[in-house]
There are 2 protein chains.
Amino acid sequence: MEKKNSGTVGVKEIARLANVSIGTVDRVLNNRVGVSDKTKAKILKIIEELNYQPNIFARRLASKKKLRFATLIPKVSDETKYWEAPLNGILQAAAEIKDFGIEVITFFFDQNDKGTFKEGATKIKAGEFDGILLAPMFEDESIAFIEGCKEKKIPLVFINSDIPGHNNLCYIGPNLYQSGYLSAHIVNYLSPAKKKTLIVNISKEIDLHHHLLRKEEGFRNYFEQNGSTNELTKIDIQQTGYAHIQQKLNEQLAKDKYDVVFVTNSRVSTVAKYFEENNIKDIKLIGYDFLEDNINYLKNKTIDFLVCQKPQEQGYKGIMSLYDHLVLNTSIEKEQFMPIDIITRENYQYYSN
Amino acid sequence: MEKKNSGTVGVKEIARLANVSIGTVDRVLNNRVGVSDKTKAKILKIIEELNYQPNIFARRLASKKKLRFATLIPKVSDETKYWEAPLNGILQAAAEIKDFGIEVITFFFDQNDKGTFKEGATKIKAGEFDGILLAPMFEDESIAFIEGCKEKKIPLVFINSDIPGHNNLCYIGPNLYQSGYLSAHIVNYLSPAKKKTLIVNISKEIDLHHHLLRKEEGFRNYFEQNGSTNELTKIDIQQTGYAHIQQKLNEQLAKDKYDVVFVTNSRVSTVAKYFEENNIKDIKLIGYDFLEDNINYLKNKTIDFLVCQKPQEQGYKGIMSLYDHLVLNTSIEKEQFMPIDIITRENYQYYSN
DNA sequence: CTGAAAGCGCTTACAG
DNA sequence: CTGAAAGCGCTTACAG
């Protein structure tokens, strides 16, 4: 004899069975104080037995509780088009949970200016938010901010990059090492069998450089672990202006004849531009991120592969994790690694960021 | 002077402004009959001006309306593990919209038996469903069924394969041609530059064979259109038992030395098994679908690439499209092509089906 | 064609 | 510590 009362039992029925008022049932349901241990136990038992599932619609309709989430990510600029996608994900999630009484407020910082990051953090601290989504680009500043949140017990999710041991709710983003490793795997398949590969790191900001090194590490380790004959060279380009990159590439490409160039971030489009201008067609080019510039070079065959990690989904899932944690009380996976997608000119049309 | 009444105006306020009762407002809101044109116009004008957005929670709470969806897809068997994923997607969507008063009932058929498909279709017809999700494997039988639904104006979505011109709500699934095209693109990158490739179609059911041919077409056209020197051969294996496949492969591989084998469906694991048993390591192997067997051969390096098309998402989105159409009244994209994902042994861990 | 009332399953003050 | 009542914004009969 099974009971089938999913969806049909409510506070009223529980109250009846427990010989209390629905107000009391509500108190234990929502962990509020002011119920004797005895009646609490009795009610909990009934809830358990009935497998009671609250009606979220009634709950939402009756409740006047509002939650406010803050996000702090880099602002979108020509240099950082990448951040358009996470922002879109955030806004999409915000729209979806708006009716559930959640307000999402977005703050931005300048990737080239730690000061703006601190400013944003200060504003958020003052704003008394219930949950925070953060792109913790600057390590020291992020940690200081996070510790503050910890004290106030404000849940916090990281997206895009992690500071292990400091995320207090979850991290949602790429496994950088593995994405480098995968890139190497692709390179390994490319003809010719024996080849020379150039790794290119382009980054001005020293803090961001870590990320690139992590990818480079994965890339290198692949070849080591697979006993490859691939010959690896690398250059670090610490200025992002085209003239500078051009000069560096000129120098490097004069030194040797490469079969593959692996650019460790989205600036692969700059290298593609250089390839196009210099009519270089026999070097395979691999880089990162589904950005308009990159896709254009993919289309015109200058870029061969792009590795992408669903930036929009990072923002979306970040907000949703806060919601799931705070509203639905779901348990959240500590590390949520994004898929590592391989984009070519024959599948980019169907890619969903 | 802007009004900011999003979320604050309700039927009560509209009724007050229109000098009618909220019952009448409700009637025009839900397109019910029994309102004079004059008052209807008046109310619509106010709704428009106020940019009224109904409260979905209140609506859901008060409404007793229930909708029932039916799904008809192949049953999961050892031969058709693939269908586990779409089913999971369907069940996940069902769980999410259950609270919205939607009941999803699943029907299955045997891919090797058209009769079971007809049976399922008949049951669904008799069941008076409000929306249907279908994997239209058997063309004639599907069309007959679909025409019946059309008459009754029951919205219908196709997943996994399309019968163009007959889907009445939308198609959600792969672009088969393009997935073959992409596979060829990958093959083209593989060393050696000049190579011999064998296409393998394994399929017992004549109706399903079409799908494979469509992929083969994309695969072939890529090389034609790109003036490739790749030499293509193909075999059709019309029995799916291992002994038969083994024999066919024996014959074929004795004829020539191939660099790449492209299997046009998930049966690539059978070919992988053959490779493993015969210690074939120098032929690159490409096939379809994120199935346990295939992934195992990917891990042990027998399979090099798998092309996947998010089967779970197909089921999920299929149900959600019915919901969006029937409940939210959203407009639905006619053709929703899945991403074409490239899976290797370095990114399968992070793949979400 | 229109209105007034009850009720969906919760939460929120308020009273004791 | 507990209960009774009002109300969230809709929909659903029912009455006229």
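Proteins come first, then strands; the chains are lettered A, B, ... in the order of their sequence lines, and each starts at number 1. As the structure is a prediction and not an experimental result, all values here were calculated from the model.
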[N] [atom2] sits how many Å from [X] [atom1], rounded?
X	N	atom1	atom2	answer
A:Phe100	D:dG9	CZ	P	16 Å
A:Leu29	C:dC10	CG	C1'	9 Å
B:Ile43	D:dC10	CD1	C1'	15 Å
A:Lys66	C:dT12	NZ	P	11 Å
B:Asn30	D:dC10	CG	C1'	9 Å
B:Lys42	C:dC1	NZ	C1'	13 Å
A:Lys65	C:dC10	NZ	P	14 Å
B:Lys38	C:dT2	NZ	C1'	14 Å

Close side-chain approach of [X] and [Y], heavy atoms under 4.5 Å:
X	Y	result
A:Leu29	A:Pro54	no
B:Lys310	B:Ser352	yes
A:Leu169	A:Leu156	no
A:Thr116	A:Lys75	no
B:Lys40	B:Arg27	no

**Item:** Carboxylate-amine/guanidinium proximity below 4.0 Å for B:Glu48 and B:Lys45
**Value:**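 Answer for the salt bridge query: no.
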
**Message:** Which residues pass the side-chain hydrogen bond (donor to acceptor under 3.5 Å, both in side chains) test with B:Ser161, not counting sequence neighbours?
**Reply:**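 Partners of B:Ser161 under the side-chain hydrogen bond (donor to acceptor under 3.5 Å, both in side chains) test: none.
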
**Item:** Selection residues 311-324 of chain A - residue pairs positive for salt bridge (Lys or Arg N to Asp or Glu O under 4.0 Å), sequence neighbours left out
**Value:**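 Non-adjacent pairs meeting salt bridge (Lys or Arg N to Asp or Glu O under 4.0 Å): A:Glu313-A:Lys317.
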
**Message:** Classify the ring geometry of B:Tyr351 against B:Phe290: parallel below 30°, tilted from 30° to 60°, perpendicular beyond 60°.
**Reply:** tilted

**Request:** Have a look at A:Val20 and say if it touches a base, only the backbone sugar-phosphate, or nothing, with a 4.0 Å heavy-atom cut-off.
**Result:** sugar-phosphate

**Request:** From the options D:dC10, C:dC10, C:dC1, select the nucleotide whose nearest atom is closest to the side chain of B:Ser36.
**Result:** C:dC1

**Nearest to side-chain heavy atoms of B:Ser21, which nucleotide of C:dG3, C:dC10, D:dT2** =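 Closest of the options to the side chain of B:Ser21: C:dG3.
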
**Request:** Flag yes if more than 12 heavy atoms outside B:Glu333 fall under 6.0 Å of its CD atom; otherwise flag no.
**Result:**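 Open.
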
Please list, pair by pair, any protein nitrogen or oxygen found under 3.5 Å from a nitrogen or oxygen in nucleotides 5-8 of chain D.
| unit_1 | atom_1 | unit_2 | atom_2 | d |
| --- | --- | --- | --- | --- |
| D:dC8 | O2 | A:Leu61 | O | 3.4 |
| D:dC8 | O2 | A:Ala62 | N | 3.3 |

**Item:** Below 4.0 Å: OP1/OP2 of C:dT2 and any side-chain N or O of B:Thr39
**Value:** yes

**Prompt:** Is the phosphate of D:dT2, meaning OP1 or OP2, less than 4.0 Å from a side-chain N or O of A:Thr24?
**Reply:** no

**Request:** List in chain and number order the residues that pass side chain to side chain contact (heavy atoms under 4.5 Å, CB included) with B:Glu103, two or more places apart in sequence or in another chain; answer none if no residue qualifies.
**Result:**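 B:Glu103 satisfies side chain to side chain contact (heavy atoms under 4.5 Å, CB included) with B:Arg68, B:Ile105 once adjacent residues are dropped.
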
**Message:** Counting Watson-Crick and G-U wobble pairs with both distances under 3.5 Å, what is the dot-bracket string for DNA chain C, 5' to 3', using [ ] for crossing pairs and | for pairs to another strand?
**Reply:** |||.||||||||.|||

**Request:** Using the closest heavy atom to pick a nucleotide of DNA chain C for each, name whichever of A:Arg32 or B:Gly34 lands nearer the 5' end.
**Result:**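 That would be B:Gly34.
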
Write out a two-atom table: protein N or O, nucleotide N or O from nucleotides 14-16 of chain C, distance below 3.5 Å.
none

**Message:** As a quick check of understanding, evaluate side chain to side chain contact (heavy atoms under 4.5 Å, CB included) for B:Ile46 and B:Tyr52, giving each step before the final call.
**Reply:** CA-CA 8 Å; B:Ile46 292 170; B:Tyr52 166 73; over 6 Å; no

